[in-house]
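Each remark here refers to the structure printed beneath this line.
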Amino acid sequence: MAASRTLGTFRLPPLPTIREIIKLFRLQAVKQLSQNFLLDLRLTDKIVRKAGSLTNAYVYEVGPGPGGITRSILNAGVAELLVVEKDVRFIPGLQMLSDAAPGKLRIVHGDVLTFKIENAFPESLKRQWEDDPPNVHIIGNLPFSVSTPLIIKWLENVSHRNGPFAYGRTQMTLTFQKEVAERLTASTGSKQRSRLSIMAQYLCDVQHILTIPGQAFIPKPEVDSGVVHFTPLTRPRIEQPFRLVERVVQNAFQFRRKYCHRGLGMLFPEAQRLESTGKLLKLADVDPTLRPTQLSVLHFKSLCDAYRKMCDEDPHLFAYNFREELKQGDDKESYRL
């Protein structure tokens with residue numbers, strides 16, 4: 001009990017401000033890496049509070065940069081914070097935080113897209129998928145350049161229950177470009193409805209919990225940011241392999257302004273496209289004149305189930321790639337010329 005109380009009341013000693021850290025180590029945001037520093041500790045505290053109670057939690061922070069959110073996480077009474085930072089320039093400033101919080105902050109110089117988190121925290125934290133989420137959290141102010149591939153990677157991890165989700169239904173609180181945050185949380189019929197909406201919402205409860213104005217960052221980005229909270233569902237809303245779902249969803253949204261049958265038709269070779277698309281939509285009981293943005297997760301469940309049935313009937317179908325067929329057609333045309 002005493003140890004738990006000590007963890008809960010821990011506060012960092014007085015330290016240089018984030019602005020002073022930036023000056024001290026002569027840090028500059030690299031535009032090519034879409035870096036933007038969040039300096040307002042009241043805002044970073046607010047982001048961390050939105051993650052829920054972090055008392056005695058194990059937290060994985062991605063892209064800590066000069067350490068604004070890192071400070072707020074440490075002050076939230078965590079048991080341990082693991083940060084993964086690709087840019088070596090930020091390591092000395094983070095080391096200063098580590099020295100001020102002995103035994104609480106672990107720093108890894110690495111790439112979040114390849115870092116293996118499965119064995120980073122104690123085995124005892126692992127929970128059954130159907131249980132409440134484990135006391136493990138992912139928090140991060142994601143560089144815009146990696147935010148979409150990273151969230152897709154983690155959603156695939158959710159579907160396989162590996163990576164950060166080997167511990168159970170690990171919750172994520174992540175900062176994205178506002179437009180990406182709106183896509184992730186967009187409802188059926190919204191102009192922002194997209195591939196990201198379906199891929200996130202069929203696997204997780206997704207909430208846009210906070211908007212951060214651009215002027216809160218240094219340098220000021222051209223757009224605001226949005227903080228999104230993800231809690232994996234105990235049971236996905238579409239019970240098909242991730243790659244199959246991704247394939248159906250990607251094709252549906254290829255021609256987002258046209259009727260959905262146009263994009264879904266690209267799942268099938270040209271010679272059988274019309275017939276197979278009709279069969280898919282009939283099996284799924286989906287109106288071919290709906291736009292992709294009008295398709296609900298339930299519509300996509302029916303489409304994925306129907307497509308899976310057609311792939312089981314024709315094992316070569318899933319390997320079909322319309323771009324390769326187009327390329328082969330172009331190559332034949334060039335040869336004739």
Side-chain angles (χ1 to χ4, degrees), residues 51-52 60 113 117-118 125-138 142 147-174 176 180-190 192-209 228-254 260 263-264 267 280-281 283-286 290 292-312 317-318:
Y60 172 34
L113 287 169
I117 186 73
E118 288 89 334
L125 292 168
K126 293 187 176 179
R127 298 287 177 267
Q128 293 296 316
W129 196 258
E130 295 73 22
D131 292 346
D132 289 338
N135 207 11
V136 176
H137 295 257
I138 300 174
L142 303 182
S147 62
T148 298
L150 186 56
I151 194 59
I152 289 293
K153 175 181 182 288
W154 279 339
L155 289 170
E156 184 167 11
N157 288 147
V158 171
S159 74
H160 295 305
R161 302 181 185 182
N162 61 13
F165 310 96
Y167 300 95
R169 295 187 297 119
T170 299
Q171 297 177 79
M172 301 186 285
T173 306
L174 304 170
F176 298 90
V180 176
E182 289 173 346
R183 287 177 186 170
L184 285 161
T185 56
S187 57
T188 308
S190 163
Q192 293 284 22
R193 189 75 161 173
S194 69
R195 170 182 72 117
L196 279 179
S197 316
I198 307 301
M199 298 308 293
Q201 293 169 31
Y202 99 84
L203 288 163
C204 299
D205 174 55
V206 192
Q207 297 179 333
H208 187 172
I209 53 176
V228 181
H229 186 76
F230 302 79
T231 305
L233 300 167
T234 54
R235 186 173 175 180
R237 294 187 172 103
I238 303 173
E239 296 190 86
Q240 293 294 350
F242 182 87
R243 292 295 181 189
L244 184 146
V245 178
E246 186 177 42
R247 186 178 176 84
V248 171
V249 173
Q250 273 184 329
N251 278 278
F253 278 97
Q254 267 193 99
C260 67
L264 290 168
L267 290 165
L280 173 73
L281 290 160
L283 279 172
D285 193 24
V286 170
L290 288 173
T293 55
Q294 295 173 301
L295 297 175
S296 66
V297 173
L298 194 58
H299 282 129
F300 276 105
K301 177 188 185 307
S302 298
L303 287 165
C304 290
D305 290 346
Y307 181 61
R308 172 65 182 270
K309 184 177 180 182
M310 294 175 74
C311 287
D312 288 344
L317 182 57
F318 190 73

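Throughout, residue positions are numbered sequentially from 1 according to the sequence presented.
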Full working for side chain to side chain donor-acceptor pair (under 3.5 Å) between N162 and E118: CA-CA 7 Å; N162 61 13; E118 288 89 334; 5.6 Å; no
[X] (side chain) donor-acceptor with [Y] (main chain) under 3.5 angstrom:
X: R183; Y: S197; answer: no
X: T234; Y: E130; answer: no
X: R161; Y: W129; answer: no
X: Q201; Y: A186; answer: yes

query: Mind checking whether I151 and F176 have side chains closer than 4.5 Å, heavy atoms only?
result: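 Sidechains of F176 and I151: in contact.
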Side chain to side chain, R127 and D132, heavy atoms closer than 4.5 Å: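 Side chain of R127 against side chain of D132, heavy atoms only: no contact under 4.5 Å found.
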query: Which residues pass the side-chain hydrogen bond (donor to acceptor under 3.5 Å, both in side chains) test with D205, sequence neighbours left out?
result: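 For D205 there are no side-chain hydrogen bond (donor to acceptor under 3.5 Å, both in side chains) partners, ignoring immediate neighbours.
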Crowded around [X] [atom1]? As in, over 12 foreign heavy atoms under 6.0 Å?
X: L233; atom1: CG; answer: yes
X: K309; atom1: NZ; answer: no
X: D312; atom1: CG; answer: yes

message: For a side chain to side chain donor-acceptor pair (under 3.5 Å) check, start with the C-alpha distance between E182 and H208, then their side-chain angles and the critical distance, and finish with the verdict.
response: CA-CA 7 Å; E182 289 173 346; H208 187 172; 5.5 Å; no
field: Contacts of type ring-ring contact (aromatic ring centres under 6.0 Å, His included), residue Y60, not counting sequence neighbours
entry: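 Partners of Y60 under the ring-ring contact (aromatic ring centres under 6.0 Å, His included) test: F115.
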field: Salt-bridge criterion met for K153 and E156 (N-O under 4.0 Å)
entry: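 Salt bridge: no.
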message: Within this structure, what is the OG1-NE2 distance for the pair T185 and H229, rounded to the nearest 0.5 Å?
response: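 Reported value, rounded in 0.5 Å steps: 13.5 Å.
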task: Measure the spacing between CG of L303 and CZ of F300 and express it to the nearest 0.5 Å.
output: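 It is 6.5 Å, given to the nearest 0.5 Å.
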Show me the donor-acceptor pairs, under 3.5 Å and distance only, between side chains in residues 247-254 and residues at least two apart or in other chains.
{"residue": "R247", "atom": "NE", "partner": "Y307", "partner atom": "OH", "Å": "2.9"}
{"residue": "R247", "atom": "NH1", "partner": "F318", "partner atom": "O", "Å": "3.4"}
{"residue": "R247", "atom": "NH1", "partner": "Y320", "partner atom": "O", "Å": "3.4"}
{"residue": "R247", "atom": "NH2", "partner": "F318", "partner atom": "O", "Å": "3.2"}
{"residue": "R247", "atom": "NH2", "partner": "Y320", "partner atom": "O", "Å": "2.0"}
{"residue": "N251", "atom": "OD1", "partner": "Q254", "partner atom": "NE2", "Å": "3.0"}
{"residue": "N251", "atom": "ND2", "partner": "R247", "partner atom": "O", "Å": "2.8"}

message: Using side chain to side chain donor-acceptor pair (under 3.5 Å), reason through H299 and S296 one step at a time and then give a plain yes or no.
response: CA-CA 5 Å; H299 282 129; S296 66; 3.2 Å; yes
message: For a quick check under 3.5 Å, do R169 and T231 share a side-chain donor-acceptor pair by atom type?
response: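 No - no donor-acceptor pair under 3.5 Å links their side chains.
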